[in-house]
Amino acid sequence: MDLLDESGEIRATAFNEQVDKFMDMIEVDKVYFISGCTLKTANKQYSNLNNDYEMTFNKMTEVTPCHEASDIPTMQFNFVPLDQLESLEKDTILDIIGVCKEAMDVASITSKASGKELRKRDVQVVDDTNREVRLTLWGRQAENFDGTQQPVLAVKGAKLSDFNGRSLSLLSSSTLQINPDIREAHKLKGWFDNGGNTAETVNLSNQRGGGSAGMGSNFKTFGEAKLENLGSGDQADYYTTKASVVLIRKENCLYSACPSDGCNKKVVDMNNGLYRCEKCNREYDSFNWRLMLSANLADISDNQWVTVFQDQAEMLLGTTSSELGFMRENSPDKFQNIFTDAAFKNFSFKLRVKMETYNDESRLKTTVVACSPLEPKEYNRRLISEIKQMAGQS
DNA sequence: CCCCCCCC
């Protein structure tokens with residue numbers, strides 16, 4: 001818990017029995033007498049409270065509600081103007097205040113670490129330094145958030161991330177106040193309503209170019225990717241682009257793959273009802289159809305042949321590999337239509353470019369590592385930001 | 001004594 005009195009603030013932590021003893025009693029915004037804690041030096045990595053010390057509850061600790069009138073403030077912020085975020089280190093815990101310029105929809109993602117399904121909402125926060133940054137809300141807070149009135153958001157204890165430039169994320173220890181009745185909030189709202197809302201701002205998140213930005217945001221046209229010789233270095237280069245499917249080769253689009261979980265190696269038909277996998281060194285009585293497409297994609301600048309594997313291929317074709325395998329053998333018209341229908345659709349592609357050598361011949365190979373339907377809001381936001389950049393720099 | 005805090 002973060003504690004505050006008229007002189008300053010301090011974090012206190014209770015463990016185990018002390019949690020059981022006090023957690024029902026202690027509520028946010030209430031006032032207590034607290035005595036008998038242990039004092040220790042604070043690890044600044046985990047808190048930005050304005051105190052070099054922290055308190056730890058122990059067996060002797062007593063907590064009593066204070067019912068007397070007091071003029072203890074409810075929250076103390078150390079707001080960092082958004083134009084300072086670029087110079088701060090990743091993982092810094094900090095307080096910010098800004099206007100919620102835009103709120104994205106709630107999205108579901110799966111945590112890599114825990115495998116848990118998480119709900120998140122990104123909002124774009126702007127302040128009077130004319131910087132804007134992405135702030136991620138989680139769980140219930142993400143679901144309940146309403147950004148339609150462009151409220152002022154004051155966050156205590158947000159975490160700074162270096163993803164795509166700079167972005168912010170709420171932690172369970174963070175406090176989010178919406179339209180707080182504090183001087184800074186009124187000042188910011190005044191700025192926003194009197195020109196700030198249309199001011200040209202620098203987006204600290206999702207930065208373009210420069211090479212140092214995260215690859216997720218590394219948005220390029222095919223023409224730009226070629227001009228920059230992407231893929232010519234030792235390591236693979238990644239970029240994201242919006243492109244339409246020109247054509248997909250039907251020939252060799254499917255291969256019969258080892259049915260063993262996670263193997264996916266091409267099997268050899270033994271012509272006796274068995275299929276041999278050299279990798280597993282055994283024979284199976286069945287196989288799985290898997291997709292490996294050669295596709296031509298085009299944007300305004302150029303076109304590009306790419307390789308598309310299973311999951312991305314199913315997304316592009318709008319069918320599964322096993323359905324497609326069935327169609328190819330049983331209904332050629334349907335099979336043909338899948339490819340006709342896939343043409344001239346737009347997608348957002350994440351591409352990997354790498355120089356590959358075989359038979360003494362080196363050539364750039366472009367592989368689709370992810371593809372998704374175009375998100376109109378996100379796409380338009382990028383176009384608007386590019387137009388602003390062009391207008392501002394030329 | 002925690003300090004994991006998520007995704008892209």
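Throughout, protein chains are lettered first and strands after them, A, B, ... in sequence-line order, and every chain is numbered starting at 1. These numbers were taken from a predicted model, which means no experiment stands behind them.
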Quick one: Asn16(A) CG to dC1(B) C1', roughly how many Å, whole number? 8 Å
Looking for any heavy atom pair under 4.0 Å, which part of the strands does Glu117(A) touch: base, sugar-phosphate only, or nothing? nothing
From NZ of Lys90(A) across to C1' of dC8(B) the rounded distance in Å is 13 Å
Do we see a donor-acceptor contact under 3.5 Å between the side chains of Ser321(A) and Arg290(A)? no
Thinking salt bridges, do Lys44(A) and Glu54(A) make one under a 4.0 Å N-O criterion? no
Can you find an N or O donor on one side and an acceptor on the other, under 3.5 Å apart, linking the side chain of Arg11(A) with the base of dC2(B)? no
Ile93(A) CD1 to dC2(B) P, in whole Å, measures 17 Å
Using a heavy-atom cut-off of 4.0 Å across all strands, would you classify Thr110(A) as base, sugar-phosphate, or nothing? sugar-phosphate
Counting the atoms with a prime plus P, OP1 and OP2 as sugar-phosphate, which does Ser169(A) contact under 4.0 Å by heavy atoms, base, sugar-phosphate, or nothing? sugar-phosphate
Could you tell me whether Arg328(A) sits above the aromatic face of Phe326(A), with NZ or CZ closer than 6.0 angstrom to the six-membered ring centre and within 45 degrees of the axis? no
Is the charged tip of Arg121(A) near the ring of Trp138(A): under 6.0 Å from the six-membered ring centre and within 45° of its axis? no
Taking the nucleotide of DNA chain B with the closest heavy atom to each, which residue, Leu170(A) or Ser161(A), is nearer the 5' end? Leu170(A)
Hey, which sits more toward the 5' end of DNA chain B by its nearest nucleotide, Ser167(A) or Ser172(A)? Ser172(A)
Within the 4.0 Å heavy-atom criterion, would you say Lys44(A) contacts the bases, only the backbone, or no part of the nucleic acid? nothing
So does Lys159(A) get a side-chain nitrogen or oxygen closer than 4.0 Å to the phosphate oxygens (OP1/OP2) of dC6(B)? yes
Please report the distance, rounded to the nearest Å, between CD1 in Ile109(A) and P in dC7(B). 6 Å
For a quick check of understanding: with a heavy-atom distance under 4.0 Å over all strands, which category does Lys116(A) fall into, base, sugar-phosphate or nothing? nothing
Within this structure, what is the CZ-to-C1' distance between Arg134(A) and dC8(B), rounded to whole angstrom? 7 Å
